[in-house]
Engineer: 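What follows is a structure written as structure tokens; I'll ask about it next.
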Amino acid sequence: AADAPTPTVDIVTVAGHRFLQFIDSELLAPMDTDRLSNWGSINPVYSESDWATINGNKWGAPILSGAEILAYNTDLVSAEEARSWDVLFSEKYKQQTADIIQDMMSIVMLYKGYGGNMVEYLDDPDKAAAIVAEARDFMIDNALFWLEEFRIDGLRLDAIDSIKDTTDTPLVKELAARVRETFPGRHVHITTEDDRNITWHIEREGGQPTLVSAEWNDDFHHTAHVVATHEEEGYYADYSRKSVAQMAKALATGFVFQGDHSGHRGRDVGVSSAHLPPTAFVNFLQNHDQIGNRAFGDRLADLASRRVVECLQAILLLSPQIPLMFMGEEYGETHPFCFFTDFDGELGAAVREGRRAEFKKFAAFHDEDARKLIPDPNAETTFKASMLDWSAIGRPTYRRRLEMVKRRLERRQKLIVPLLSGELPRGCGEYHVSDETLAFVVAWHLKDGAVLHLFANLDDEPWALPSDVVTGDLTWIDP
């Protein structure tokens, strides 16, 4: 967007390893920190860091920090057991562990003994290239190690749009290709998260993924969330006017934004995805990001009516895309899932205040007193409030939801999954949206000519099914 003849952006973020190139080319000017009223409030760990201070001048301000963690249940696993990764693969905890390893690119450079600031190697491009190659090789070999030695089920590559890769072969492409080459006869799940709505990594050949198995589809989540809550701030603004039609499009053709203009992002987003099979996408109503990034960690069950949540859950579980459910969603957990950390001192204060400052742009938090109500990420109470309430399953309302989810999944396994194997027709999804009510129909042309129809009415008004709908077996009906 910044390189276009008519740039559509006002601010460009320069990756740290490119700083000196931009400075030497006189494309950047040093920051005048006297003009920033809150500069003195920034933790010195960030404001005085080497990457931001060159020749006595300040060239950048911190915008993001984070951490990767490994968590275990202290009621079930001892501290001694948790000192080794072996605990994940112990027979003692069989079927109680999650064997999905997330992207760890952010820590590889430090682990290999480098500072991570590639600016210092600007005058030695060969060394810089060797360091990058070493980090890439480590990541790929590490992924293969876990798959080979411990037979984990898959890899989730987080936020691949944030990987600043200037090599001829993207890291994601090389890693996925190596996995497929090394384990040709094995079903290894590889999923990605990406804000760009790209498709080159999830393409198919002979009905099988050549690289990545499926992409987490944020577009589907956003449409469902707006349908349920009517929220329209932040990125939900892109889905606030035509959320029902956009949901139908996402179900039938993959992404909502397929080269369309995003008002929130101020640019065109995505490429065509209609040619891909539905199994190239992971759909969800909630996940750790979408809940944890909210000010109070609200779950959908606390934001929308039971009726609409159950309707959306039926759409999720009985559509041919891969459904993802967040922990507790299967029985309707209402405890929040807040953003929590374990920092103290200056860093803890910086994280707490930075977290609250993120919400200034939202109407409910323009006032400073309102922002003070946002839970402190470092408080133990915030962590404990985010725990699941397993006892809820014993209560009638939650037990009913769990049994309903089980029945839907059984129907999915029996009637829908068998239609998804092999090579499906290109562009197998089509949809029609009612002009009179919040209803739509989606049809997927699947294996051996079978057609799966979804009829959804998200309105209080009745909707007569289209007269030209073919007859067939009923998979599920919700009143």
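Since this is a predicted model, take the numbers as computed values, not measurements.
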Engineer: Which residues satisfy the side chain to side chain donor-acceptor pair (under 3.5 Å) test with Lys384, sequence neighbours excluded?
Structural biologist: Glu380

Engineer: Output the distance between atom CG (Leu175) and atom CD1 (Ile140), rounded to the nearest 0.5 Å.
Structural biologist: 5.0 Å

Engineer: Kindly compute the distance separating OG1 (Thr191) from CG (Leu324), expressed to the nearest 0.5 Å.
Structural biologist: 8.5 Å

Engineer: Restricting to non-hydrogen atoms, name the atom on Trp390 and the atom on Leu388 that form the minimum distance, rounded to 0.1 Å.
Structural biologist: CZ2-CD1, 3.3 Å

Engineer: Without swapping roles, check the side chain of Arg399 against the backbone of Gly394 for a donor-acceptor pair under 3.5 Å.
Structural biologist: yes

Engineer: Any heavy-atom pair between the side chains of His288 and Met327 that's under 4.5 Å?
Structural biologist: no

Engineer: Pick from Met404, Arg411, Lys406, Arg412: which one makes a side chain to side chain contact (heavy atoms under 4.5 Å, CB included) with Arg408?
Structural biologist: Met404

Engineer: Grab the two heavy atoms, one from Leu155 and one from Ala143, that are nearest each other, plus how far apart they are.
Structural biologist: CD1-CB, 3.9 Å

Engineer: Within a strict 4.5 Å, meaning less than it, do heavy atoms of the Asn287 and Trp216 side chains meet?
Structural biologist: yes

Engineer: How close do Pro375 and Cys338 get, heavy atom to heavy atom, and via which atoms?
Structural biologist: CG-SG, 4.4 Å

Engineer: List the steps, then state whether side chain to side chain contact (heavy atoms under 4.5 Å, CB included) holds for Thr223 with Lys249.
Structural biologist: CA-CA 10 Å; Thr223 62; Lys249 180 180 180 181; over 6 Å; no

Engineer: How far does CG of Asp298 sit from CG of Leu303, to the nearest 0.5 angstrom?
Structural biologist: 5.0 Å

Engineer: Please find the pair of heavy atoms, one from Ile315 and one from Ala456, that lie closest to each other, and give the distance.
Structural biologist: CD1-CB, 3.9 Å

Engineer: Mind checking the CD-CG spacing from Gln290 to Leu285? Nearest 0.5 Å is all I need.
Structural biologist: 11.0 Å

Engineer: Could you work out, with side chain to side chain donor-acceptor pair (under 3.5 Å) as the rule, every residue matching Arg196, not counting sequence neighbours?
Structural biologist: Asp194

Engineer: CZ of Arg204 to OG1 of Thr199: how many Å apart, nearest 0.5 Å?
Structural biologist: 11.0 Å

Engineer: To the nearest 0.5 Å, how far apart are CD in Gln313 and CG in Leu300?
Structural biologist: 9.5 Å

Engineer: Contact between Lys173 and Trp200 at the side-chain level, heavy atoms closer than 4.5 Å - yes or no?
Structural biologist: yes

Engineer: Would you call Phe383 and Asp342 a side-chain contact if the rule is heavy atoms closer than 4.5 Å?
Structural biologist: no

Engineer: Side chain to side chain donor-acceptor pair (under 3.5 Å) with Asn217: which residues, sequence neighbours excluded?
Structural biologist: none

Engineer: Does Pro278 reach the side chain of Ser319, with side-chain heavy atoms less than 4.5 Å apart?
Structural biologist: no

Engineer: List in chain and number order the residues that pass side chain to side chain contact (heavy atoms under 4.5 Å, CB included) with Leu419, two or more places apart in sequence or in another chain; answer none if no residue qualifies.
Structural biologist: Leu446, Ala450

Engineer: Could you tell me which non-hydrogen atom of Thr169 sits nearest to which non-hydrogen atom of Arg136, and how far apart they are?
Structural biologist: O-NH2, 2.8 Å

Engineer: Sort and list the pairs that fulfil side chain to side chain donor-acceptor pair (under 3.5 Å) and have at least one residue in residues 415-426, not counting sequence neighbours.
Structural biologist: Ser421-Lys447

Engineer: Which heavy atom in Val256 sits nearest to a heavy atom in Asp260, and how many Å separate them?
Structural biologist: O-OD2, 3.2 Å

Engineer: Could you walk me through whether Val351 and Phe339 pass the side chain to side chain contact (heavy atoms under 4.5 Å, CB included) test, one step at a time?
Structural biologist: CA-CA 11 Å; Val351 169; Phe339 174 77; 4.1 Å; yes

Engineer: What residues, two or more places apart in sequence or in another chain, satisfy ring pair (Phe, Tyr, Trp, His ring centres under 6.0 Å) together with Phe183?
Structural biologist: none

Engineer: Which residues pass the salt bridge (Lys or Arg N to Asp or Glu O under 4.0 Å) test with Arg180, not counting sequence neighbours?
Structural biologist: none

Engineer: Ring pair (Phe, Tyr, Trp, His ring centres under 6.0 Å) with Tyr236: which residues, sequence neighbours excluded?
Structural biologist: His222, His225

Engineer: Should Leu316 and Leu312 count as side-chain neighbours, where that means a heavy-atom distance under 4.5 Å?
Structural biologist: no

Engineer: Check the pair Leu454, Leu318 against side chain to side chain contact (heavy atoms under 4.5 Å, CB included), reporting the backbone distance first and the verdict last.
Structural biologist: CA-CA 8 Å; Leu454 168 69; Leu318 299 174; 5.7 Å; no

Engineer: Passes ring pair (Phe, Tyr, Trp, His ring centres under 6.0 Å), Phe257 versus Tyr239? Steps please.
Structural biologist: CA-CA 10 Å; Phe257 288 89; Tyr239 307 85; 5.6 Å; yes

Engineer: Donor-acceptor pairs under 3.5 Å, side chain of residues 268-276 to any protein atom, not counting sequence neighbours: which ones?
Structural biologist:
residue: Asp268; atom: OD1; partner: His261; partner atom: ND1; Å: 3.3
residue: Ser273; atom: OG; partner: Thr253; partner atom: O; Å: 2.7
residue: Ser273; atom: OG; partner: Phe255; partner atom: N; Å: 3.0
residue: Ser273; atom: OG; partner: Gln258; partner atom: NE2; Å: 3.3
residue: His275; atom: NE2; partner: Glu203; partner atom: OE1; Å: 3.0
residue: His275; atom: NE2; partner: Glu203; partner atom: OE2; Å: 3.0

Engineer: Spell out, as yes or no, whether a donor-acceptor pair under 3.5 Å connects the side chain of Trp444 to the backbone of Leu251.
Structural biologist: yes

Engineer: Within the distance-only criterion (no hydrogens, no angle test), does the side chain of Asn283 pair as donor or acceptor with the backbone N or O of Phe220 below 3.5 angstrom?
Structural biologist: no

Engineer: Under the rule for side chain to side chain contact (heavy atoms under 4.5 Å, CB included), what residues qualify as partners of His335, not counting sequence neighbours?
Structural biologist: Glu333, Asp389

Engineer: For His264, does its backbone N or O pair with a side-chain atom of Asp238 as donor and acceptor, under 3.5 Å?
Structural biologist: yes

Engineer: Taking side chain as C-beta onward, heavy atoms only, is Ile190 less than 4.5 Å from Ser213?
Structural biologist: yes

Engineer: Look at the side chain of Gln246 and the backbone N and O of Asp219, then say whether any donor-acceptor pair between them is shorter than 3.5 Å.
Structural biologist: no

Engineer: Who pairs with His201 by ring pair (Phe, Tyr, Trp, His ring centres under 6.0 Å), at least two apart in sequence or on another chain?
Structural biologist: none

Engineer: For Phe326, give me all partners under ring pair (Phe, Tyr, Trp, His ring centres under 6.0 Å), at least two apart in sequence or on another chain.
Structural biologist: Phe337

Engineer: Mark yes or no for whether Glu330, through its side chain, and Gly328, through its backbone, hold a donor-acceptor pair below 3.5 Å.
Structural biologist: yes

Engineer: Before giving the answer on side chain to side chain contact (heavy atoms under 4.5 Å, CB included), spell out for Asp344 and Asn378 the whole-Å C-alpha distance, their side-chain angles and the decisive distance to 0.1 Å.
Structural biologist: CA-CA 7 Å; Asp344 53 23; Asn378 305 298; over 6 Å; no

Engineer: Is the closest basic N to carboxylate O distance between Glu148 and Arg186 below 4.0 Å?
Structural biologist: no

Engineer: Hey, are Arg401 and Glu310 close enough for a salt bridge, meaning a charged N less than 4.0 Å from a carboxylate O?
Structural biologist: yes

Engineer: What I want to find out is whether Arg355 reaches Asp376 closely enough, with some N-O distance under 4.0 Å, to be called a salt bridge.
Structural biologist: no

Engineer: Does Met325 reach the side chain of Phe284, with side-chain heavy atoms less than 4.5 Å apart?
Structural biologist: no

Engineer: Hey, is CD on Glu149 packed in by over 12 heavy atoms from elsewhere, all under 6.0 Å?
Structural biologist: yes

